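A short worksheet on the structure shown next.
What you see below is based on every heavy atom in this structure, not just the backbone, and it leaves out hydrogens, waters and symmetry mates. So that the names make sense, note that chain A is the first sequence line, chain B the second, and so on, each numbered from 1. Quick caveat: nothing in here was measured; it's all calculated off a predicted structure.
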Amino acid sequence: MAPFTRAVVKTIRSIPPGRVMSYGQVAAASGSPRGARQVARILHSLSRKYGLPWHRVVNIRGEIALDENGGGGEQQARLEAEGVEFGLGGRIDLKRYGHGADASE
DNA sequence: GCCATGGCTAGTA
DNA sequence: GCCATGGCTAGTA
């Protein structure tokens with residue numbers, strides 16, 4: 001496994017329950033600010049194998065990127081089970097639920 | 001809604 | 001060539 005891939009796996013594992021990060025944030029925290037698509041690719045191929053909390057990664061707008069067939073419904077259900085609230089339009093407020101944010105705000 | 005972006009892997013030589 | 005992105009613009013109301 002390449003260094004960046006390892007770093008991404010580690011970053012994703014560090015997201016606590018009830019918190020989310022965007023693909024780009026995960027990439028940046030892993031040493032490659034422009035590697036958002038790699039994060040998507042890694043989640044797609046390695047989530048199962050490494051037991052990653054894949055549901056805690058959303059796009060920069062706070063939306064679930066997966067479609068219904070791809071597991072979008074399951075992702076939302078898992079996040080809601082961790083206390084994450086979805087606004088109208090199925091958006092998560094990253095100010096509130098982003099990794100490092102204060103959810104009590 | 002369009003399209004540049006990038007690290008990696010599968011597949012070929 | 002893949003990919004579960006992201007950022008910017010055009011075009012409407």
Considering only heavy atoms from C-beta outward, does the side chain of Trp54(A) approach that of Glu74(A) to under 4.5 Å? yes
Looking at every strand, decide which applies to Gly35(A) at a 4.0 Å heavy-atom threshold: base, sugar-phosphate, or nothing. nothing
Expressed as a whole number of angstroms, how long is the span from Trp54(A):CH2 to dC3(C):P? 17 Å
In whole angstroms, how far is the P atom of dG7(B) from the CG atom of Leu43(A)? 17 Å
Please state how far atom CZ in Arg41(A) lies from atom C1' in dC8(B), giving the value in whole angstrom units. 5 Å
Checking Arg96(A) side chain against Glu85(A) main chain: does a donor-acceptor pair fall under 3.5 Å? no
Report the distance from atom CE of Met1(A) to atom P of dG7(B), rounded to the nearest whole Å. 17 Å
Take the protein atom CZ of Arg48(A) and the nucleotide atom P of dA4(C), then report the distance between them rounded to whole Å. 14 Å
In whole angstroms, the gap separating C1' of dG7(C) from CZ of Arg61(A) amounts to 8 Å
Note: Ser30(A) and Val26(A) closest approach over all heavy atoms is OG-O, 2.7 Å
I want to check one thing: is the phosphate of dT9(B), taken as OP1 and OP2, less than 4.0 Å away from some side-chain N or O of Ser45(A)? no
So Ser22(A) and Asn59(A), do their side chains get closer than 4.5 Å, heavy atoms only? no
Donor-acceptor contact below 3.5 Å, side chain Arg6(A) vs main chain Met1(A): yes
Apply the test side chain to side chain donor-acceptor pair (under 3.5 Å) to residues His55(A) and Glu82(A): give CA-CA distance (whole Å), side-chain angles for both, the deciding distance (0.1 Å), then the verdict. CA-CA 11 Å; His55(A) 58 286; Glu82(A) 295 182 351; 3.0 Å; yes
Nearest-Å distance for atom pair CD1/P, residues Ile42(A) and dC8(B): 7 Å
Atom CG of Leu46(A) to atom C1' of dA4(C): distance rounded to whole Å? 13 Å
The correct list of stems in which DNA chain B takes part (3 or more consecutive Watson-Crick or G-U pairs, distances under 3.5 Å) is B:1-4 with C:5-8, B:6-8 with C:1-3
Under the criterion side chain to side chain contact (heavy atoms under 4.5 Å, CB included), I'd like the reasoning laid out for Glu63(A) against Val58(A): C-alpha separation, chi angles, the key distance, then a yes or no. CA-CA 6 Å; Glu63(A) 299 161 337; Val58(A) 298; over 6 Å; no
Of the options dC8(B), dA4(C), dG6(C), whose atoms approach the side-chain atoms of Ala2(A) most closely? dC8(B)
Are Leu79(A) and Ile60(A) in one and the same hydrophobic cluster, where Ile, Leu, Val, Met, Phe, Trp and Tyr link if side-chain heavy atoms are under 4.5 Å apart? no
Would you find a donor on one side and an acceptor on the other, under 3.5 Å apart, between the side chain of Gln25(A) and the backbone of Val20(A)? no
Counting side-chain heavy atoms from CB outward, which of dC3(C), dG7(C), dC8(B) is closest to Ile60(A)? dG7(C)
Just to be sure I understand the geometry, which residues of residues 26-34 of chain A put a non-hydrogen atom under 4.0 Å away from DNA chain B? Ser32(A), Arg34(A)
Among the nucleotides dC8(B), dG6(C), dC3(C), whichever has the atom closest to the side chain of Thr5(A) is dC8(B)
Could you check whether Tyr23(A) gets within reach of a base, just the sugar-phosphate, or nothing at all, counting any heavy atom under 4.0 Å? base
